[in-house]
There are 2 protein chains.
Amino acid sequence: MRTQQLLLAAMERALKAENLPPLGWYDVMLELSRAESGRLRPFEIEERTLMAQHNLSRLLDRMEKAELVERAVHAEDARGRWVILTAKGRAMQAAMWRVYAAALQRHVGEKIDDEQASQLSDLMSRLTRGL
Amino acid sequence: MRTQQLLLAAMERALKAENLPPLGWYDVMLELSRAESGRLRPFEIEERTLMAQHNLSRLLDRMEKAELVERAVHAEDARGRWVILTAKGRAMQAAMWRVYAAALQRHVGEKIDDEQASQLSDLMSRLTRGL
DNA sequence: ATCAAATAGATGCACTTGCATCTAATTGGG
DNA sequence: CCCAATTAGATGCAAGTGCATCTATTTGAT
């Protein structure tokens, strides 16, 4: 818990120092850019990021205001919406990744080697089993 | 990050299901009970729990209102305060521990063995180095 | 075909957190 | 000894989160 808290804080600090938005924004943009069509429905982002529905809804409000994503109506399911990454969003994602990747390298990559990383990954998946 | 998020959420859920306060309250009470004199100054709790100063200040407000801690003036340093665990606080700490320990057992103890736990602990301290 | 139940997403309200700043007290350099 | 710098802690305000609820739409059992 402590290690995670410290590492996460270090990442957020790195981003903030460059006047970039918090990691949560990156997570959303990453998922959108990973999607074949470059767009996802809110509930799909929800599943992938573990964000709560109402929090995502509001994060999307902010991201939309910042013009990083757009919301569009969904033809097949009129309850739903598409969330679409804009060009500005892609640029922001890239800008964040530069900083984020460097911080990951410094705080993780340089501290454990590949074998330790896979040990860690194994332990984490054990702990996650059933959650 | 994900594993931590899921585990923490599981712990908080367990507490909430028993109408107990969040883990942060437990952390404060644990540190207080660990202190020889049964009391600490806010900044000491701050160091031990990694909580931000203003957040702790407000958490103490809430805990004081719930009569789990008391604040008293500090004789040697008039800027400071003592935070003292009340009897009610000790009882609450014990009540939370029952639930917390059970959740830890279920979500951690049953999922990894002692060797894996010490591997994990080793990895975490590597990652924390310098933070 | 119909209507209750389920699903997608938004929103009002209370609570928590972050940030900056404030007051009061202490410390340390000259 | 004095005053600037530092430290302890509190607090006003803005932003984010949790919770419950709401609307709109879709689904599925009859």
Side-chain angles (χ1 to χ4, degrees), chain A residues 4-6 8-17 19-28 31-32 39-66 68-84, chain B residues 4-6 8-17 19-28 31-32 39-66 68-84:
Chain A
Q4 187 271 352
Q5 192 182 347
L6 288 167
L8 180 58
M11 304 293 154
E12 297 284 16
R13 230 181 299 116
L15 288 170
K16 177 162 292 190
N19 281 310
L20 294 168
L23 261 185
W25 293 44
Y26 180 79
D27 292 337
V28 169
E31 296 305 336
L32 286 172
R39 57 190 196 173
L40 290 172
R41 295 183 54 176
F43 78 92
E44 294 174 309
I45 301 175
E46 219 177 297
E47 292 165 359
R48 289 163 166 76
T49 61
L50 303 183
M51 243 181 269
Q53 184 269 320
H54 55 270
N55 288 338
L56 177 59
S57 178
R58 270 146 170 161
L59 174 53
L60 290 176
D61 288 346
R62 283 171 248 143
M63 292 181 73
E64 195 172 24
K65 194 181 299 180
L68 302 176
V69 301
E70 283 173 2
R71 282 193 266 215
V73 292
H74 183 99
E76 276 93 56
D77 186 343
R79 292 170 303 183
R81 313 269 240 135
W82 283 115
V83 180
I84 306 163
Chain B
Q4 187 271 354
Q5 192 182 347
L6 288 167
L8 181 57
M11 302 294 154
E12 297 284 14
R13 228 180 301 116
L15 288 169
K16 178 162 292 189
N19 281 309
L20 293 168
L23 261 185
W25 294 43
Y26 180 79
D27 292 338
V28 169
E31 296 305 335
L32 286 172
R39 57 189 196 174
L40 290 171
R41 295 183 54 175
F43 78 91
E44 295 174 309
I45 301 175
E46 218 176 298
E47 293 165 0
R48 290 163 167 76
T49 60
L50 303 183
M51 243 180 269
Q53 185 269 322
H54 56 270
N55 287 339
L56 176 59
S57 178
R58 271 148 171 159
L59 174 54
L60 290 175
D61 288 346
R62 282 171 247 145
M63 292 182 72
E64 195 172 25
K65 194 181 298 181
L68 302 177
V69 301
E70 283 172 2
R71 282 194 265 213
V73 293
H74 184 98
E76 277 93 56
D77 186 344
R79 293 170 303 182
R81 313 270 240 134
W82 282 116
V83 180
I84 305 163

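A note on names: the letters A, B, ... follow the listed sequences, proteins ahead of strands, and every chain is numbered from 1. Owing to the predicted nature of the structure, the values given are computational and were not obtained by experimental measurement.
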Whole angstroms only, please: what is the [atom1]-[atom2] distance between [X] and [N]?
X	N	atom1	atom2	result
B:Lys65	C:dA14	NZ	C1'	13 Å
A:Arg81	D:dT23	CZ	C1'	13 Å
B:Leu56	D:dA10	CG	P	8 Å
A:Glu46	D:dG18	CD	P	12 Å
A:Leu60	C:dA10	CG	C1'	11 Å
A:Leu50	D:dT17	CG	P	14 Å
A:His74	C:dA8	NE2	P	11 Å
A:Glu12	D:dA15	CD	P	17 Å

For this session: For A:Arg62, check side-chain contact (heavy atoms from CB on, under 4.5 Å) against everything at least two apart and list the hits.
Result: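 Expected list: A:Trp25, A:Arg58, A:Leu59.
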Taking every non-hydrogen atom, the tightest pair across [X] and [Y]:
X	Y	value
A:Leu32	A:Leu40	CD2-N, 3.6 Å
B:Leu56	B:Glu46	CD2-N, 3.8 Å
B:Leu15	B:Pro21	CD1-O, 3.6 Å

| message | According to side chain to side chain donor-acceptor pair (under 3.5 Å), who are the partners of B:Glu12, at least two apart in sequence or on a separate chain? | response |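 By the side chain to side chain donor-acceptor pair (under 3.5 Å) rule, B:Glu12 matches no residue at all.
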Which residues share a side chain to side chain donor-acceptor pair (under 3.5 Å) with A:Glu64, sequence neighbours left out: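 Testing A:Glu64 for side chain to side chain donor-acceptor pair (under 3.5 Å), a comparison that skips the adjacent residues, returns A:Arg71.
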Between atom NZ of A:Lys65 and atom CG of A:Leu60, what is the distance when rounded to the nearest 0.5 Å?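 Rounded to the nearest 0.5 Å, the NZ-CG separation comes out at 13.0 Å.
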I'd like a table of atom pairs between the protein and nucleotides 25-28 of chain C - only N or O on both sides, under 3.5 Å - with the distance next to each one.
unit_1: C:dT26; atom_1: OP1; unit_2: B:Ala78; atom_2: N; d: 3.1

Given D:dA8, is OP1 or OP2 found less than 4.0 Å from the side-chain N or O atoms of B:Arg41?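 So the side chain of B:Arg41 is outside the cut-off, no N or O lying under 4.0 Å from OP1 or OP2 of D:dA8.
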Report all interatomic pairs (protein N or O, nucleotide N or O of nucleotides 15-21 of chain C) with separations under 3.5 Å.
unit_1: C:dG18; atom_1: OP2; unit_2: B:Asn55; atom_2: ND2; d: 2.2
unit_1: C:dG18; atom_1: N7; unit_2: B:His54; atom_2: NE2; d: 3.4
unit_1: C:dG18; atom_1: O6; unit_2: B:Arg58; atom_2: NH1; d: 3.0
unit_1: C:dC19; atom_1: OP1; unit_2: A:Lys16; atom_2: NZ; d: 2.3

Report all side-chain donor-acceptor pairs from residues 75-84 of chain A shorter than 3.5 Å, counting only partners two or more places apart or in another chain.
unit_1: A:Asp77; atom_1: OD1; unit_2: A:Arg79; atom_2: N; d: 3.0
unit_1: A:Asp77; atom_1: OD1; unit_2: A:Arg79; atom_2: NE; d: 3.1
unit_1: A:Asp77; atom_1: OD2; unit_2: A:Arg41; atom_2: NH2; d: 3.4
unit_1: A:Asp77; atom_1: OD2; unit_2: A:Arg79; atom_2: NE; d: 3.4
unit_1: A:Asp77; atom_1: OD2; unit_2: A:Arg79; atom_2: NH2; d: 2.8
unit_1: A:Trp82; atom_1: NE1; unit_2: A:His74; atom_2: ND1; d: 3.1

Can you find a heavy atom in the side chain of A:Gln4 that is under 4.5 Å from one in the side chain of B:Leu8?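 Not in contact.
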